[in-house]
Protein chains: 2
Amino acid sequence: MTKAPEKRRSYRREHPDKRRVELMEATLRVIASRGVEAASVRAISSEAGVTPGLIRHYFASKEDLVCAAYAHHMTVMQRASSKASDTERGSAVERLAEFIRRTLSPPVTGAQEVQLWAAFIEKIGREPAMRQVHLESYRDFRLQLETVLRAALLEADHTPSQIELTRLTFACNAVLDGLWLESSALPDILPTDEVVQIGLQSVSRLTGLPLLNTRNDTP
Amino acid sequence: MTKAPEKRRSYRREHPDKRRVELMEATLRVIASRGVEAASVRAISSEAGVTPGLIRHYFASKEDLVCAAYAHHMTVMQRASSKASDTERGSAVERLAEFIRRTLSPPVTGAQEVQLWAAFIEKIGREPAMRQVHLESYRDFRLQLETVLRAALLEADHTPSQIELTRLTFACNAVLDGLWLESSALPDILPTDEVVQIGLQSVSRLTGLPLLNTRNDTP
DNA sequence: CTCTTTATTATACGAACGTATAACAATGAG
DNA sequence: CTCATTGTTATACGTTCGTATAATAAAGAG
């Protein structure tokens, strides 16, 4: 019994840049929802609505795709986060508080976000390209936090030295990272409003700035 | 050409409990050094010096083995950590400072440790057994930190309410988690002595306790 | 309309995976 | 010394993996 060739399914040609992004975002969705071990070439291409071979047309290897998806994800997150603190309305302290609230609330927190994040972190020690993406995205985030912190401190007539500011940024970054992680991984134990309160109070004590009653109740 | 049966290699019978532990620790070593995707049944059994079939004799599935290895790892870490703060020598504040130093120095920090940790975290949202291990080990760690914090605060004549203490524990836990992560993933940017200083200063500001010059210089 | 380009599909291949099963041998009991 | 127990090995099976290659069709140029 000879095998009859399969009927070829119809398809649309997409702009290469758009297709690349679709494939990267399909990768992120599969890892976030079903984990990194389920993120096979076949599962990702199926999620994107294409056949597995197409991935090899856009990416030299699966490793390349995952790394590009990581970089894409970080760029999108960075853009969304900086848009929030770019709005010049309100005082610098209020912008800092808003930054903290956003960092510790959905959609930044969430079980799927931490699953995605952990999948990438697991690779950075072993794959240089992943490590590079991590280094750059992490530095960008830290610089952004440092800018907001500096503005808030200057506003309060406190001019820190660069060493003080760098250390303070690391500390605030750490407490936000840690709270984000705990709240995302244990949403029942540490719900959103509780973790936001803890985050505001913690950064308040670390910086000496009054952040606790800055909520903009008249939006 | 018929295949000749392989010569059977000699072996030693081990006590079942010991063999179980060996297999779990081999799992941890493989994940820590080569990543979770390299941790196949064959790689793990090879690391343990046995043949793949033996894993099925001790564990119902690979998933079971990984989960047991996670629980084992957390138990060992917990035991090592609590041994450090159980020593009654020194004031409570000094014990808290020592706790922070240990948490932010090798061998607790390290690229392999964070790789191992991330591999487990990636699974807790999807596998109930892994989630359970995470919940319990995390609660244990937090209770231990809470105990040290309470003692240090009482020693400084500060008696916090339970709600205050719980929140403070979450905050200190978060900053230690975040600093541990940053220092482990970016050892070049945040070396050990720097991160220890930041950790001491941060917990000092969060709690109001004087931790900065508590180093026991005469060990 | 025809031709060229290339995005996309279909198919195939070897390797590695997790798991299952039966034979074997190390050990302790009697 | 003999036997039963079971820890351990050897082997096999079907599946899925990442990758490679050739055929095909959609889209734009002339």
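Residue numbers start from 1 in every chain, and the chains themselves are labelled A, B, ... in the order their sequence lines are given, proteins ahead of strands.
Of the listed nucleotides (D:dT24, C:dT19, D:dG18), D:dG18 has the atom at the smallest distance from the side chain of A:K62. Proximity note for B:V50 (side chain, C-beta onward) versus C:dA10, D:dT9, D:dT19: the nearest is D:dT9.
Of the side-chain N and O atoms in B:H57, one or more sit less than 4.0 angstrom from OP1 or OP2 of D:dG7. For D:dT8, one of the phosphate oxygens OP1 or OP2 lies less than 4.0 angstrom from a side-chain nitrogen or oxygen of B:Y58.
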Let's go through A:T166 and A:Q162 carefully: what are the C-alpha distance in whole Å and the side-chain angles of both, what is the deciding distance for side-chain hydrogen bond (donor to acceptor under 3.5 Å, both in side chains) to 0.1 Å, and is it a yes or a no? CA-CA 6 Å; A:T166 299; A:Q162 182 57 44; 3.1 Å; yes
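Annotation for B:E63: atom CD does not count as buried by contact number, only 12 or fewer foreign heavy atoms lying within 6.0 Å. Other residues, nucleotides and ligands place no more than 12 heavy atoms under 6.0 Å from the CD atom of B:E37.
When the nearest nucleotides of DNA chain C are assigned to A:T51 and B:P52 by heavy-atom distance, the more 5′-ward of the two goes with A:T51. The 5' end of DNA chain D is approached more closely, in terms of each residue's nearest nucleotide, by B:R12 than by the other of B:R42 and B:R12. Comparing A:S10 and A:S40 along DNA chain D, the residue whose closest nucleotide (by nearest heavy atom) sits nearer the 5' end is A:S40.
Side-chain to base pairing of B:R13 with D:dT6: one donor and one acceptor N or O lie within less than 3.5 Å of each other. For A:R9 against C:dT8, no side-chain N or O and base N or O form a donor-acceptor pair under 3.5 Å. Between the side chain of B:R19 and the base of D:dG7, no donor-acceptor pair of N or O atoms lies under 3.5 Å.
Distance A:E14 CD to D:dA27 P: 9 Å, rounded to the nearest Å. Following rounding to the nearest Å, A:Y11 (OH) and C:dT6 (P) show an atom-to-atom distance of 14 Å. To the nearest angstrom, P of D:dT11 lies 8 Å from CZ of B:R8. Between A:I55 atom CD1 and D:dC17 atom C1' the separation is 12 Å, expressed in whole Å. Atom CG of B:L54 is separated from atom C1' of C:dA26 by 13 Å (rounded to the nearest Å). Regarding A:I44, its CD1 atom lies at a distance of 8 Å from the P atom of D:dG18, rounded to whole Å. A straight line from NZ of A:K18 to C1' of D:dA27 spans 15 Å, rounded to a whole angstrom. The distance from atom NE2 of B:H15 to atom P of C:dG28 is 11 Å, rounded to the nearest whole Å.
Residues B:E164 and B:R167 are not paired through a salt bridge, judged by the lack of any N-O separation under 4.0 Å between the basic side chain and the carboxylate.
Ring orientation note: the planes of A:F120 and A:H73 are tilted relative to one another, at an angle of 30° to 60°.
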